[in-house]
Amino acid sequence: MSSTASNIIIGLAGQQNAGKSTTFNMLTGANQHIANYPGVTVDKKVGSYKDKEGRVEVVDLPGTYSLTSFSLEERVARDFLLQEKPEAIVNVIDASSLRRGLYFTFQVLEMNFPVVMALNMVDVAEANGQRVDAMKLSARLGIPVVPTVGRKGKGRNELRQAIRETAKTTKNAEKLRIHYDSLENSIEEIHSLLGASLALERMVPLRWLTVKLLEKDAEAIRLLEKFHENSELVLEKVNSAIDSFFEKEGVSPADHIVACRDKLAVSIVDECVEFTERGRVRKSEKIDRILLHRGFAPFFLVFTVYMIYELSIVQGYKLTAITWPALAWVRGALAGFLPDPGMLSDTIIRSLPLWMMDSVNTLLNYVPIFLILFALIAILEDSGYMARIAFILDRIFQSFGLHGQSTLPFILGGVFTGGCAVPGIMATKGIPDERSRMATILTVPYMNCLAKIPLYALLVNIYFAAYQSWVMLFISTITIIMAMIVAKLLTMTILRGQETAPFVMEMPNYHLPTITGVLRRAFDRTWEYIKKVGTIVIAVAVVVYVLLQFPGLPEERMTEYEGQMTAALADFQEAVQGTEFAPLLEKESQVLSLLNTANTYRDAKMAASSQEASTAVDLRYEEKHPEIFPLLRPRSREARTINRAMRDLSAERADLRAAIREDTIVYSYFGRLGRALEPVTQFAGFDWKINVALISSFAARESSVATLGVLFQDGADENISLEERMDREAKNFGSTPLHALALIIFFALYPPCLAATIMIKVQTGSYKWMVFAIVFPTAFGLAMASAVFTIGSALSLSGIQAMAGFYFIALATAIGLSFVKDPAWKAEQLERAAKTGGL
C-alpha cells in the first residue's frame, strides 16, 4: 500500500554517532521542537519541511544499536515504528562504519517499512581510505541510498526527493531477506502458526515477529500472548525450537541470528566498499592509541572530567552573578504588585507568591550551569569521546551494577566535593542500560554537593578541629564507597527486574562537533529542564510552605510579640511628638508605610551602580513621596533625629519578625515533627533542633545551617559566630564528636534536596521512584548513623576512632560486594549450564 498523501510523517532512525542529529537539522532547519513520547521521559524531537507536494513531518527517533527491547530508547523507537507506522524511514548510517550500521538497517528492513538510506559522512569515509559505491549498495539492499554530509548540508535535496518517492512505494514489498541457514525450517514452522492470527498479521510482519520470538524478545512474546488465540501452543513450539537448535548447534538462536546478520553485512561491505588505502591506520585509531592508552587513558579521563566540572559548575556558577540580579529584579517586581508587608507578619497573599518565586528562582539560577553542561555533553557525544569514557570505566562500575556512563553523573554530583545532584541526575539521560541508569539516579545524591559543605565545615570546625584534613578525606571518599554499596544492593534486589542492555564496545569514529548542533542541543535540553521543573516545583513549594508556616504561633506568643512592637512604636512616637512630621505619622498604618518605603528606598540605593543612578533614585522617591522624603534623606537636625528613631524601630521590627519566623518553625508541622521524631533519632544522637534543621534542609541543603543559626540563638546578641554558639550549647548539653560523626554520616546519606527530588521524578517519570528516593535514604542513613552512635557510645569510642572503624567496615563491604556476581549475568550462566547439562 503506497502513500499518495501530500502531508506525510517519516521517522529518522539510526545508531548513535551516525550523524542523525545533523541530518535532522539538515532536513528541517530551525523548524523543530522537543516533546516527550507519551508515558516516558525520552525526548521526542520533531521537525518539518515543505517540498513540492506538501509538508513532511520528521520524527527523530532515539539513537539505538538495535530494535530489541533491552533499553527504553530501543523500545520507544520500535513502538513508534509499529504503532505510528510512518510513511517512510530514513536510516542514517555512518559511511565510515558501514558494517556496524548495517546491523540496524537489517532490522528495519525486516519490519518491512519503506526505507531510504542516508549514507552520511562519506567525506570521513573517503578520508579514511574507503569509497562506498552507493549504487551497488542500493541494488544489494533494494532501497534508495543517498550519500550525504550532514554537517555541510550536502545531499539534502537528493535525500528529500528520495524520501518523497520512497513514501509512495508499496510497504509490503520485501526488499531484502536475510537467510538464517539452519534456523530457516523453524522460522517457517512458527511463521505458519502465526499466520492463523489475522490480528497479528495486520499488526506486524510475521517473519519479523518469528525472528523476535526466537530471540526471546519480551515485547514479541507480549504481542503473541495478547493477539494469538493459541499463543501457548505457539510459545511451546518456539521454546522447543530454541532448545532443539541449542542442542544441535551449540549456540542459541539469538546468537545465530546475530552471526547471520554480521555475515551478510561483511559480504555487502566486501562488495560495495573499495578500500583505496588498505593497511592505512585511520585517524580515529591514531587518536585512540593515545586517548585509550592503558597508561594515559586515566589521565585524559580525569582531565576531561575536571574540565567539565570546572567549566560547568565552577565557571557556570560565576555566571549566576549575572543572572541572579535579573531573577531578583523579577522578584522585586512581583513584590511591588503584591500587598505591602505587615508590621510583624505578611498576609498569605504576599508571602505565598514570594515563597513560590523564591523556589522557582533557586532552580532557574542553575540555568547558566545547565547551558554549559549540556553544551559540553553534546561536544563529548558528537566527538565520540563519551563512548570512550564508558569504555574505560565500564568494567569497574559493572562490578557494582552501574555503567561506564555513570562516571559523569557522579562527578557532576560532587564526587570531588562541591558538585550538584541536579545536573548529575540530568546527565544520566544518556545511560542506555535502564537498571544502571536507575541505580545511578538513586545514588548520585550521595555525592558531596556544594550545599552540603557549609554543614560539614561547621561540624568539622567545632568537633574535629585537630583532624580537619582527615575528616574531609573521610567525607570525600566515604560517599562514593557508600554509593557503590547501595548501587550493588539495589541492583541485586529492587532493581533486579529492570531491563538491562549489553554494553556495545565498538567505538564510533571521532568527529568535529558543529557549533550549531552543540548550541541547539544545549538550548533544547535547557528549555526542556525549565518546562519540566517549573511545573512541578510550584506544586511542591506550596506543600513545603504549608508544612513550615502552619498552624502558626499560639495566640499568647503572638500577643507577646505585638506588645513588644507596641512599646517600640510608642518610643518612636515619643521621638516624633512635637515635630512638623507628627501629623504625618499619627497612625500605625502611616508608620508602617514609612518603614516599608524606607526599606525599598534603601534597596534601590544599594542597587544603584553609579552616582547618576543614585541621584535618579532620590529624584524618583522625592517625586513619589514628597512628604516623607526628608525623613529618608535627612538634612535638618529634626529630620535626622526622627531618622535615627525610625532606624531603631526598623531594627526592632526586623528582630521581632525574625523571632516570629523562628517560633513559626518551632510550632509548625515540621517543628512538631522534629519533636515527635526525637524518640527515634535519639539513637543517632539527634535532638529536635537537629531534626528540624535536617527536615528543613529538604527544601535546600543550605537551609540546614541557616535553620541551625535560627535555632541556636544563645549568644546571638553577643554577635558571636554560629560555631561558638553551637560549641557553647554542645558543652552545656554534652554533645560530643560522636554526635557530630553520626550527623555527618546521616547528612551524607540523606535524601536528595527538593530540586534533586523533582529531577528524579522528571528522569524516572515516576512518583513512586521519587518517594523511594526520599524514604530509602532516610531509613538507610538513620540506620547507619544510629549504628555508629550507639555502638560507638557502648564501646566508649572517640569520634575519630568510630570514624576509622566505620570507614574500614564500609570499604571491606564494598570490596566484598564487588565479587558478587551480577544476578542477571548469573541467571544467564545458570540457564546455559542447565541446557548443556552443566548442573
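This structure is a prediction, so every number in the text was calculated from the model and none was measured. Hydrogens, waters and symmetry mates are skipped; everything else that's a heavy atom, side chains included, is used.
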### Message
Contact between V273 and R99 at the side-chain level, heavy atoms closer than 4.5 Å - yes or no?
### Response
no
Check your understanding: Is the backbone of S240 close enough, under 3.5 Å, to the side chain of S244 for a donor and an acceptor to pair up by distance?
Key -> no
Checking R55 against Y49: charged group under 6.0 Å from the ring centre and within 45 degrees of the axis? no
In terms of heavy-atom contacts, L141 and T105 come closest through CD1-CG2, 4.5 Å
Correct closest heavy-atom pair for L102 and V269 would be CD1-CG2, 4.3 Å
Applying ring pair (Phe, Tyr, Trp, His ring centres under 6.0 Å) to F300 and not counting sequence neighbours gives none
Exercise. Heavy-atom distance under 4.5 Å between the side chains of E110 and W208, does that happen here?
Worked result: yes
ask   = Are side-chain N/O atoms of H228 and N230 paired as donor and acceptor at under 3.5 Å?
value = no
**Item:** Heavy-atom check, side chain of L264 versus side chain of R140, under 4.5 Å
**Value:** yes
Backbone of D94 reached by a side-chain donor or acceptor of S97 within 3.5 Å = no
Next item on the list: Check for a donor-acceptor pair, side chain of S192 on one end and backbone N or O of E189 on the other, with a separation under 3.5 Å.
Entry: yes
When rounded to the nearest 0.5 Å, the distance separating CG of N91 from CD of Q107 is 10.5 Å
Inset, instruction - May I ask you to test the Q763-R437 pair for a side-chain heavy-atom distance under 4.5 Å? - result: yes
One should read off an interatomic distance between E229 CD and L200 CG, to the nearest 0.5 angstrom, of 10.5 Å
Show your working on side chain to side chain donor-acceptor pair (under 3.5 Å) between T22 and N25 and close with a plain yes or no.
-> CA-CA 5 Å; T22 56; N25 295 334; over 6 Å; no
Are more than 12 heavy atoms, taken from residues, nucleotides or ligands other than E184, located less than 6.0 Å from that residue's CD atom? yes
Heavy-atom nearest pair, Q130 first then A95, reads OE1-O, 3.9 Å
Given E215 and K212, is the salt bridge (charged side-chain N to carboxylate O under 4.0 Å, His left out) satisfied, shown in steps?
CA-CA 5 Å; E215 287 181 315; K212 283 292 154 192; 2.9 Å; yes
Q: Starting from the C-alpha separation in whole Å, work towards a yes-or-no answer on side chain to side chain donor-acceptor pair (under 3.5 Å) for R435 and T491.
A: CA-CA 7 Å; R435 188 181 61 171; T491 52; 5.4 Å; no
dist D288:CG -> Y385:OH (nearest 0.5 Å) comes out at 9.5 Å
Distance col, row L137:CG vs L98:CG, nearest 0.5 angstrom, shows 6.0 Å
(request) May I ask you to decide whether E53 forms a salt bridge with K168, counting only side-chain N to carboxylate O separations under 4.0 Å? (result) yes
Q.
One pair to check against side chain to side chain donor-acceptor pair (under 3.5 Å): R388 and Y510. What are the steps and the verdict?
A. CA-CA 10 Å; R388 271 76 179 178; Y510 287 103; 3.1 Å; yes
| task | Might you work through the side chain to side chain contact (heavy atoms under 4.5 Å, CB included) test for V122 and T148, ending with a clear yes or no? | result | CA-CA 7 Å; V122 290; T148 63; over 6 Å; no
Nearest heavy-atom contact between L224 and S231 is O-CB, 3.5 Å
Tightest non-hydrogen contact, residues T166 and A88, listed as CG2-CB, 4.3 Å
- Message: If you apply the rule salt bridge (charged side-chain N to carboxylate O under 4.0 Å, His left out), what do you find for D123 with K154, and how did you get there?
- Response: CA-CA 10 Å; D123 57 337; K154 290 184 177 179; over 6 Å; no
Test salt bridge (charged side-chain N to carboxylate O under 4.0 Å, His left out) applied to E271 and K136, step by step: CA-CA 8 Å; E271 186 177 338; K136 277 187 182 178; over 6 Å; no
Here the gap from I190 atom CD1 to L183 atom CG, rounded to the nearest 0.5 Å, amounts to 7.5 Å
Are F245 and S186 close enough that some pair of their side-chain heavy atoms sits under 4.5 Å apart?
no
Could you check whether any side-chain N or O of S436 sits under 3.5 Å from a backbone N or O of G401, counting only pairs where one atom can act as donor and the other as acceptor? yes
Show, in sequence, the C-alpha distance, side-chain angles and deciding distance for F104 and V92, and conclude whether the side chain to side chain contact (heavy atoms under 4.5 Å, CB included) test is met. CA-CA 10 Å; F104 181 86; V92 183; over 6 Å; no
Closer than 3.5 angstrom, by distance alone: can the side chain of E87 be matched with the main-chain N or O of I8 as a donor-acceptor pair? no
Practice prompt. Look only at the side chain of T23 and the backbone of G19, and say whether a donor-acceptor pair between them is shorter than 3.5 Å.
Written response: yes
Could you give me the CA-CA distance, side-chain angles and deciding distance for I89 and I10, then say whether side chain to side chain contact (heavy atoms under 4.5 Å, CB included) is met? CA-CA 6 Å; I89 302 296; I10 66 168; over 6 Å; no
Heavy-atom side-chain contact between V58 and F24 under 4.5 Å = yes
Open item on the list: Using the rule given for salt bridge (charged side-chain N to carboxylate O under 4.0 Å, His left out), can you reason through D51 versus R164, listing the C-alpha separation, both sets of side-chain angles and the distance that settles it, and then say yes or no?
Closed with: CA-CA 9 Å; D51 59 13; R164 180 60 74 173; 2.9 Å; yes
**Prompt:** Given the rule in the side chain to side chain contact (heavy atoms under 4.5 Å, CB included) test, do L12 and K20 qualify, once you have shown the distances and angles that lead to the verdict?
**Reply:** CA-CA 7 Å; L12 198 67; K20 202 160 56 64; 4.0 Å; yes
**OP:** Measure from the side-chain N and O atoms of N7 to the backbone N and O of G54, and report whether any donor-acceptor pair falls under 3.5 Å.
**Re:** no
Worksheet item: Can you tell if the side chain of T304 reaches within under 4.5 Å of the side chain of L380, non-hydrogen atoms only?
Response: yes
Q) Is the side chain of S252 donor-acceptor paired with the backbone N or O of D255 at a distance under 3.5 Å, no angle test? A) yes
key: Any donor-acceptor pair under 3.5 Å from N239 side chain to L235 backbone   = yes
In terms of heavy-atom contacts, L214 and P253 come closest through O-CB, 3.7 Å
Check: Would you say the side chain of N157 lies within less than 4.5 Å of the side chain of Q161, judging by non-hydrogen atoms?
Finding: no
- Please say whether the positively charged group of R261, taken as NZ for Lys or CZ for Arg, lies over the ring of F106, i.e. under 6.0 angstrom from the six-membered ring centre and within 45 degrees of the axis. no
Would you confirm whether S197, through its side chain, and F227, through its main-chain N or O, come within 3.5 Å as a donor-acceptor pair? yes
So OG1 of T28 and CD of E57: to nearest 0.5 Å the spacing works out to 11.0 Å
Under 6.0 Å between ring centres: does that hold for Y180 and H256? no
